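Note sheet for the following structure.
All values reported here derive from a predicted model rather than from experimental measurement.
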Amino acid sequence: MNSDFLLSDEGDVVFVQDRPFLRPVVRAEFFAESGTLILFFDNEDSRMIECEISNERLIQAICEAPHIILSHVAGETLQDGHQVPLIAIR
């Protein structure tokens, strides 16, 4: 599965992957030092995603964001995302 972070023109942090999420995500945690994003699903399962982020502006934006927008790509089209709370640990 491929995934990436984007910054919207409004400054929102968007996490995009190449397929839909299997279950509804209720929150996310980002560990800046290791570059790890953990998504927590509605059934309390979680999935850890290793992120290689070298862009300091993006890391700073993730650490300061109160939420993250989750989306996926279908074909060539970015789908509407949904917002979940984000906890960032530096």
Side-chain angles (χ1 to χ4, degrees):
M1 175 183 338
N2 294 318
S3 59
D4 202 358
F5 283 97
L6 307 171
L7 277 179
S8 74
D9 292 337
E10 295 80 27
D12 289 316
V13 176
V14 183
F15 179 75
V16 180
Q17 61 183 30
D18 61 358
R19 64 182 106 162
F21 294 89
L22 298 176
R23 297 194 56 86
V25 177
V26 295
R27 77 177 190 278
E29 294 180 3
F30 177 73
F31 294 84
E33 188 173 301
S34 64
T36 302
L37 178 71
I38 301 177
L39 301 177
F40 292 88
F41 301 98
D42 64 346
N43 63 353
E44 291 303 315
D45 281 345
S46 62
R47 183 179 68 156
M48 186 172 15
I49 301 166
E50 298 290 330
C51 308
E52 294 181 22
I53 304 171
S54 58
N55 182 325
E56 288 297 322
R57 182 174 168 254
L58 178 57
I59 293 170
Q60 185 72 21
I62 295 169
C63 289
E64 293 176 359
H67 61 266
I68 189 168
I69 298 171
L70 305 175
S71 184
H72 71 281
V73 175
E76 296 288 321
T77 307
L78 183 63
Q79 303 300 300
D80 288 340
H82 67 280
Q83 182 174 294
V84 298
L86 173 64
I87 299 169
I89 299 162
R90 294 182 191 217

Show which side-chain atoms of residues 30-38 pair as donor or acceptor with protein atoms under 3.5 Å away, not counting sequence neighbours.
residue: S34; atom: OG; partner: T36; partner atom: OG1; Å: 2.9

Rounded to the nearest 0.5 Å, what separates atom CD in Q60 from atom CG in N55?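 If I round to the nearest 0.5 Å, the distance is 11.0 Å.
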Considering residues at least two apart in sequence or located in another chain, which fulfil the side chain to side chain contact (heavy atoms under 4.5 Å, CB included) criterion with [X]?
X	result
D42	R23, P24, V26
E10	S8, D12
A61	L7, V13

Could you pull out every donor-acceptor pair under 3.5 Å between side chains of residues 77-90 and any protein atom, sequence neighbours left out?
residue: Q79; atom: NE2; partner: T77; partner atom: O; Å: 3.0
residue: Q83; atom: OE1; partner: H67; partner atom: NE2; Å: 3.3

Do side-chain atoms of N2 reach the backbone of D18 as a donor and acceptor pair under 3.5 angstrom?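 No; judged by distance alone, with no hydrogens or angles, the pair does not exist.
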So salt bridge (charged side-chain N to carboxylate O under 4.0 Å, His left out) across residues 53-78, not counting sequence neighbours, yields none
Between L39 and L58, is there shared hydrophobic-cluster membership here, with clusters defined by ILVMFWY side-chain heavy atoms closer than 4.5 Å?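 Yes; tracing contacts between hydrophobic side chains, which count when under 4.5 Å, links both residues.
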Exercise answer: donor-acceptor pairs, residues 44-54 side-chain atoms, under 3.5 Å, sequence neighbours excluded:
residue: D45; atom: OD2; partner: N43; partner atom: ND2; Å: 3.3
residue: R47; atom: NH2; partner: Q17; partner atom: OE1; Å: 2.9

By ring-ring contact (aromatic ring centres under 6.0 Å, His included), F5 pairs with (sequence neighbours left out) F15
